[in-house]
Amino acid sequence: MGGVLLTPHSSPLTRHLGLVEYQPTFDAMQDFTAQRGPATPDEIWLLQHPPVYTLGLAGKPEHLLRSSDIPVVKIDRGGQITYHGPGQVVAYILLDLKRHGIGVKELVRRMEQAVIDLLATHGVAAERRDKAPGVYVNEAKIAALGLRIRNNCSYHGLCLNVDMDLSPYANINPCGYPGLEVTQTCDQGVSADADTLADALARHLQQQLGYTQPLI
C-alpha cells in the first residue's frame, strides 16, 4: 500500500468474500488486525457463513439449549451466543478507531444506525435498544452486533438476517436472551436479495463512519 495517502475520510477497501467457513475467516481477521499499522487502510468484509454458532468471550454454555450437528466456535468478541448461516449478510468492520477519533460505544451506535437507515429505505421501521446491542423490528431482532478491540482497532462486526433458515435459533437463547424472537428482511416485505443488501449496507456503514473519498 506504499504511496497511498490515508485520511480519516478515505473509504475502506470493501471485500466481497462470498460463502466462507467461519474459522479461517476469524483467523484472517485476527491476523489482519495484528499486522496492521498506522497507514493500513480500513476494510469492510462482506460475506456469508455456512451454519455455525459462535460463542463470545463471556458466553455462557447454557445459552446453547440443545446440541445439533451445527458446530459451536468459541471466539474473542463480546456478547453471548449467536447463529450464522446462508442467507445472512455478515459485515466485518476492520477499523482504526484512533484514526476516526471514536470509541467502541460510538462505533456500535453508528453500526446500528447504518442498519436502521438501510431498513428505512425499504419502508421497515427499526430501532436499537439500551443495553442490548443490535437492531430490532417489532421486538424481534433482525441484526446482531459483536466486536473485539485490539490496539484501538476493531474486528468482528454485524450480521443482518435476510433470507435464511431461522430454525437453528430455536437451539439457543439468541445473544443470551431467553425467548428473544428473531426476524429477517424477507419476512418484513423486503424483496432485495442478500448481495444487494450487502452492497447497500456497506454504503450506509461508510456514510456513518464519515467516509467521503474513494480509496483505489
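Bear in mind the structure is a predicted one, so any value in this text is a computation, not a measurement.
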Problem - From CA spacing to verdict: side-chain contact (heavy atoms from CB on, under 4.5 Å), R110, Q207 - result: CA-CA 9 Å; R110 296 186 189 193; Q207 291 170 2; over 6 Å; no
Exercise for the section: Could you tell me whether E181 atom CD has more than 12 heavy atoms of other residues or ligands within 6.0 Å of it? Expected result: no
Practice task
Report yes or no: does R36 contribute a side-chain atom to a donor-acceptor pair with the main-chain N or O of A39 at less than 3.5 Å?
Solution key: no
Handout entry: Spatial distance of atom OG1 (T54) from atom NZ (K74) [nearest 0.5 Å]
Key = 13.0 Å
Handout entry: Single-linkage hydrophobic cluster M164~I70, side-chain heavy atoms < 4.5 angstrom
Key = yes
Practice task
Verify, without hydrogens or angle tests, whether R203 (side chain) and L118 (backbone) share a donor-acceptor contact under 3.5 angstrom.
Solution key: no
Problem - Parallel, tilted or perpendicular, as decided by the 30° and 60° cut-offs, for the rings of H84 and Y22 - result: parallel
Problem - Any donor-acceptor pair under 3.5 Å from Y53 side chain to P168 backbone - result: yes
Problem - Spacing of NE2 belonging to H204 relative to CD belonging to Q206, to within rounding of 0.5 Å - result: 11.0 Å
Practice task
Indicate yes or no: at least one non-hydrogen side-chain atom of Q184 is less than 4.5 angstrom from one of Q88.
Solution key: no
Handout entry: L166 with V135, same ILVMFWY side-chain cluster at under 4.5 Å
Key = no
Exercise for the section: State, with a plain yes or no, whether a side-chain heavy atom of Y83 is found less than 4.5 Å away from one of V182. Expected result: no
Handout entry: Minimum-distance pair of heavy atoms, taken over all atoms of H49 and V52
Key = CB-CG1, 4.4 Å
Handout entry: Smallest separation among heavy atoms of T25 and L47, with atom names
Key = CG2-CD2, 4.3 Å
Handout entry: Cluster overlap Y92 with V73, hydrophobic side-chain contacts below 4.5 Å
Key = yes
Exercise for the section: Find out whether H100 and L107 are in side-chain contact, i.e. whether some heavy atom of one side chain is under 4.5 Å from a heavy atom of the other. Expected result: no
Practice task
Over all heavy atoms of both residues, which pair between Y177 and K131 is shortest? Give the atoms and the distance, please.
Solution key: OH-O, 3.2 Å
Fill in the blank from the handout: Heavy-atom closest pair (C175 atom, T82 atom, distance to 0.1 Å) is SG-OG1, 4.4 Å
Handout entry: Heavy-atom side-chain proximity of L201 to V115 below 4.5 angstrom
Key = yes
Practice task
Can you see which heavy atom on K60 is nearest to which on Q80, and at what distance?
Solution key: N-OE1, 2.7 Å
Fill in the blank from the handout: In short, L19 meets P50 closest at the heavy-atom pair CD1-N, 3.6 Å
Handout entry: E112 side chain vs G134 backbone, donor-acceptor pair below 3.5 Å
Key = yes
What pairs of donor and acceptor atoms, side-chain ones from residues 141-157 against any protein atom, are under 3.5 angstrom apart with sequence neighbours left out?
| from | atom 1 | to | atom 2 | distance (Å) |
| --- | --- | --- | --- | --- |
| K141 | NZ | P133 | O | 3.0 |
| R150 | NH2 | Y155 | OH | 3.2 |
| S154 | OG | I93 | O | 2.8 |
| S154 | OG | L95 | N | 3.2 |
| Y155 | OH | D76 | OD2 | 2.4 |
| H156 | NE2 | D76 | OD1 | 2.8 |

Problem - Cluster link I102 to L205, ILVMFWY, side chain under 4.5 Å - result: yes
Handout entry: Rounded distance (nearest 0.5 Å) linking atom CG of D42 with atom CG of L13
Key = 9.0 Å
Practice task
Verify side-chain contact (heavy atoms from CB on, under 4.5 Å) between L46 and H16, making sure each step is shown before the conclusion.
Solution key: CA-CA 5 Å; L46 300 172; H16 296 263; 3.5 Å; yes
Exercise for the section: Give a yes-or-no answer on whether the side chains of D117 and Q208 include a donor-acceptor pair shorter than 3.5 Å. Expected result: yes
Exercise for the section: Measure the shortest side-chain to side-chain distance between P51 and P71 over non-hydrogen atoms and say whether it is less than 4.5 angstrom. Expected result: no
Completion exercise
dist T14:OG1 -> D199:CG (nearest 0.5 Å) comes out at 9.0 Å
Problem - 4.5 Å side-chain heavy-atom contact, T40 and D96 - result: no
Handout entry: Euclidean distance, Y169 OH relative to L65 CG, rounded to 0.5 Å
Key = 14.0 Å
Handout entry: Euclidean distance, D163 CG relative to D187 CG, rounded to 0.5 Å
Key = 8.0 Å
Practice task
Decide side-chain contact (heavy atoms from CB on, under 4.5 Å) for E43 and M29; before the verdict, give the C-alpha distance in whole Å, the side-chain angles of both, and the deciding distance to 0.1 Å.
Solution key: CA-CA 10 Å; E43 297 194 6; M29 284 192 291; over 6 Å; no
Handout entry: Same cluster (ILVMFWY, side-chain, under 4.5 Å), W45 and L97
Key = no
Handout entry: Check: H122 and T185 side chains under 4.5 Å, non-hydrogen atoms
Key = no
